[in-house]
Amino acid sequence: MNNYIQSNTHLIRLFNVLLISILVLPFIGLQHSATLLVVLLVVFFLKDYLKVFFSSLALSFSGYSFSRYKKAILVVSSVIILIIPIMPYSQYATDVITLCLIYVILACGLNVIVGMTGLLHLGYAAFYAIGAYSYALLSINTGIPFLATAVLSIVITSFIGLMTAFPALRLKGDYLAIVTLGFGEILRVILNNWQSLTNGPNGLSGIPAPHVFVDFTDARMMFYLTAVVCFVSVFIILRVERSKIGRAWRCIKEDETVALAMGIDVVRYKLISFVFGSFWAGLAGVLYASKMGFVSPDSFTFLESILILCMVIVGGLGNTYGAIIGAFILICIPEILRDIQTFRMLIVGLVLVLLVIFLPKGIVGSIKDVNHTNSKS
Amino acid sequence: MSILLELKDIETSYGDVKVLKGISISINRGEIVSLIGNNGAGKSTTLMTISGILRPNKGDILFNGTSIVGYPPHEIVRLGLIQCPEGRRIFPRLTVRENLLMGGFLRSGGNLDLVFEMFPVLKERQNQYGGTLSGGEQQMLALARALMSNPVLLMLDEPSLGISPIITQRIFEHIEEINKKGVTILLVEQNAYASLKISHRAYVLENGYIKIEGTGQELLDSEEIKVAYLGIR
Amino acid sequence: MFIQQIINGLTLGSVYSLIALGYTMVYGILEFINFAHGEIYMIGAYLGIIFLTFFTAVGLTTSNIYLSLFLTMILTIAFCCAYGYLIERVGYRPLRYAPRLSPLISAIGISIFLQNFVMFTQGATDKVIRVEALDGFVSVWGINLSYLQVAILTVSFVVMIGLNLFVNKTKIGTAMRATAQDKIMASLVGIDINMIISLVFVVGAGLASVAGVMVAGYYGLVNYHIGYIAGLKAFTAAVLGGIGSIQGAMIGGLILGIVETLGSAYVSSDYKDVYAFLILIVVLLIKPTGLLGQRIEDKI
Ligand SMILES: Nc1ncnc2c1ncn2[C@@H]1O[C@H](COP(=O)(O)OP(=O)(O)OP(=O)(O)O)[C@@H](O)[C@H]1O
Ligand SMILES: [Mg+2]
């Protein structure tokens with residue numbers, strides 16, 4: 001790079017740093033703003049080192065080949081699952097991990113739609129909500145046994161997925177995104193306002209726990225149930241990913257026109273993807289409702305959809321293992337930061353930005369890249 | 001004669017695919033130089049590299065003796081290296097007049113009358129959207145737009161593409177006329193015969209290498225060129 | 001009363017329009033949904049209150065209310081423009097050539113960050129403001145227009161006309177349109193597209209901040225999450241009008257405001273957030289490019 005351009009960039013960066021501290025001034029006052037300026041200047045001069053730090057983060061995995069590293073995930077997760085009952089029992093830890101597993105299902109399901117097929121879906125939480133509310137309503141109001149209720153709820157979710165997909169899939173790219181987003185908002189408002197059915201913002205409580213031969217009221221039992229369901233789900237998704245359907249999805253994602261030319265029935269495979277994705281949202285919803293015993297519209301906001309999307313992207317778009325890792329990271333980071341409650345979301349936001357900038361292909365993608373270059377050299 | 005632009009051992013890639021594999025070209029002030037070659041040889045890539053849209057991974061580009069590698073495209077335009085890219089790339093939803101004004105973005109107005117004098121068609125159509133012009137008119141507009149910025153070196157990428165022989169001839173006349181006014185020209189063409197005829201010197205690009213170089217007449221006479229590019233046996 | 005409701009709807013709608021313009025301009029150039037845009041509006045509302053409080057504390061408001069309001073507006077706009085510039089610079093520019101979804105995620109991160117930054121520094125409760133000088137009404141043919149409504153309608157109208165002139169008549173505005181149509185060609189004629197992109201963010205943020213300040217005065221209270229829902233609706237307005245089209249955003253915003261107000265008044269106010277999305281979905285299904293939009297596939 002030419003010197004004059006480089007010095008120019010430095011000047012601009014310096015200017016930006018100054019600007020940041022001025023911009024926050026009205027919010028945090030002179031003193032804090034000055035402190036921030038000092039901190040930023042230090043960071044500014046260490047910026048290049050930070051970059052090295054982040055890439056070495058990816059590099060630290062580079063010893064593993066990707067397949068070894070897949071095994072590593074399996075090993076680690078099995079160990080976690082074995083350890084949990086042995087460890088001094090902590091209801092909190094169990095709950096968090098159960099929640100993680102539910103999100104693993106959600107992230108993998110959304111990954112089918114967004115990552116594999118390339119359909120940007122911004123209302124996934126709505127389907128999660130449909131699963132949860134269906135289960136809640138059916139189990140509270142009817143006496144149908146657990147398994148039947150669960151299946152029925154999932155079927156309802158998938159069916160609604162199908163019904164929305166029909167019109168939505170006529171739209172392309174960002175329009176699909178906005179329609180799914182709109183759908184999510186509409187559903188949330190309905191949940192909030194259809195008092196007689198959903199009990200509005202207060203939500204539904206007293207949802208029975210799962211019952212298959214035994215009651216899964218205990219947090220540990222629930223954890224095992226979720227773990228089993230989660231493993232089976234991931235297994236199925238992985239199988240489908242490698243099947244003819246999965247290949248068709250990838251083809252559509254790469255280039256729709258080419259896919260059409262190759263004789264792939266694009267609309268049909270998009271529908272399948274959408275419904276298949278909704279299916280997992282329904283399943284996760286059932287697990288969530290039955291674990292919590294309580295559902296309310298607050299759990300299914302737009303932010304929730306975004307959270308799940310972020311899991312998919314943080315892990316590495318289109319990669320099921322990535323989605324799993326993403327789910328764990330995005331559930332665990334806020335939990336770890338729980339002690340600094342007041343600004344944990346602040347940090348979550350910041351981490352998201354840093355992640356996409358410094359690990360643009362997601363965590364798994366970046367590791368793959370590093371391995372790729374290593375094996376070449 | 002002084003060298004205006006010099007490419008030294010330029011290598012450019014798209015991702016992992018290396019397209020220019022070390023090419024050196026020099027253009028003297030006041031010349032018309034053509035760059036010919038088959039489809040996919042890397043001609044457009046060469047121009048985009050000069051214009052700063054693509055970044056060479058090796059080599060140097062000297063304009064008036066100073067390196068311009070790494071300059072952002074608008075800085076390169078400011079120096080007077082103007083490209084009229086392949087496919088014309090008229091702004092479809094700007095009027096003809098606006099297209100021309102954009103051509104002179106870095107100069108304030110001025111040239112408009114001159115350009116209208118050279119291309120009277122454009123004057124008639126100045127309030128029409130660029131996208132509604134015919135292919136030939138669009139090419140005129142593209143040329144006119146490039147002239148708006150008072151180029152020192154004008155790089156033309158296939159100005160005859162998809163244009164009838166008569167208009168093509170007119171365009172080539174315009175090119176010579178522009179050159180006579182002191183503008184150095186780098187001409188990329190499929191139409192090897194026509195371009196070699198008006199060129200002082202020429203380079204033949206093949207698979208990312210410079211295969212042959214010489215004066216326009218030398219190349220017209222060369223057997224190799226006759227067979228490969230002029231279709232004469 | 002019907003006419004009254006229409007006026008209320010236009011007031012709300014012009015606010016949506018102002019915000020929608022930022023979405024549509026950014027989309028026009030980068031083909032990317034700037035999800036953090038709603039937060040600029042929220043920050044604008046907060047800054048308006050913070051500056052006005054400051055001016056009141058130093059006594060300027062009592063001595064010259066109009067100067068105080070004017071300075072508040074100017075300062076807020078300046079600050080928000082800078083926010084817009086910085087967001088692009090820090091959060092989006094490094095991702096210019098990244099896969100399509102990356103800047104979207106970055107935008108979401110920024111949005112979460114800004115919301116929580118404001119909540120953290122200003123508290124999670126509503127912030128209330130009352131400008132007594134602006135409390136009055138004018139009555140025209142039996143329709144009551146509050147001073148603030150008049151102000152909002154006038155300012156929005158002037159700002160939008162100004163924007164139209166800027167985009168269509170000035171050289172920089174033409175360069176903006178050229179950049180939206182073909183970035184590479186734009187840089188080949190010497191347009192600094194990074195500058196243009198920054199400019200688009202700055203202008204968009206400025207418009208949103210105008211909306212923010214006026215809304216803070218209109219409703220008299222703000223909180224840290226007003227940016228989210230207003231942003232969503234404004235984006236809806238932009239899509240409704242045809243994303244990428246400036247006139248589209250203006251019209252889309254007005255339609256949305258009127259529909260929402262009429263819907264709340266005559267159908268049910270519980271579902272006031274739904275109307276926007278319902279229209280959106282219907283319009284997209286009938287005319288996927290929005291009312292004034294170009295076909296999006298053209299751009300690929
Ligand atoms: N954006 C791109 N991404 C990847 N490869 C590219 C890209 N543009 C060009 N190429 C490849 O680079 C090579 C050279 O392309 P270039 O456009 O420079 O050829 P050219 O000599 O101008 O051909 P033509 O006469 O057909 O215009 C081709 O093989 C082409 O496939
Ligand atoms: Mg070419």
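Only this structure's heavy atoms are used, side chains among them; waters, hydrogens and symmetry mates stay out. What you see is a predicted model, and the numbers here were worked out from it, not measured in a lab. Residue numbers begin at 1 in each chain, while the letters A, B, ... track the order of the sequences.
Separating the NE2 atom in A:His32 from the OG1 atom in C:Thr121 is a distance of 11.0 Å, to the nearest 0.5 Å. Going from atom CD of A:Glu185 over to atom OG1 of C:Thr236 covers 8.5 Å, rounded to the nearest 0.5 Å. Going from atom CG of C:Leu104 over to atom CD1 of A:Ile313 covers 6.5 Å, rounded to the nearest 0.5 Å.
Taking each heavy atom of A:Cys310 and C:Ile108 in turn, the nearest pair found is SG-CG2, 4.4 Å.
Between A:Ile347 and C:Phe113, the closest side-chain pair of non-hydrogen atoms is not below 4.5 Å.
Of the two parts of A:Leu122, only the side chain, counted from C-beta on, holds a non-hydrogen atom closer than 4.5 Å to a non-hydrogen atom of chain C. The contact between A:Ile357 and chain C is made by backbone and side chain atoms together, counting heavy-atom distances below 4.5 Å. Within the 4.5 angstrom heavy-atom criterion, atoms from both the backbone and the side chain of A:Leu19 approach chain C.
Your options are A:Val314, A:Ile28, A:Leu181, and the one with the most heavy-atom pairs under 4.5 Å with chain C is A:Leu181.
C:Tyr271 places no side-chain N or O within 3.5 Å of a backbone atom of A:Ile190 that could act as its donor or acceptor partner. In this structure, A:Asn193 contributes its side chain and C:Asp270 its backbone to a donor-acceptor pair below 3.5 Å.
Aromatic ring orientation, C:Tyr228 versus A:Phe302: parallel (interplanar angle below 30°, classes split at 30° and 60°).
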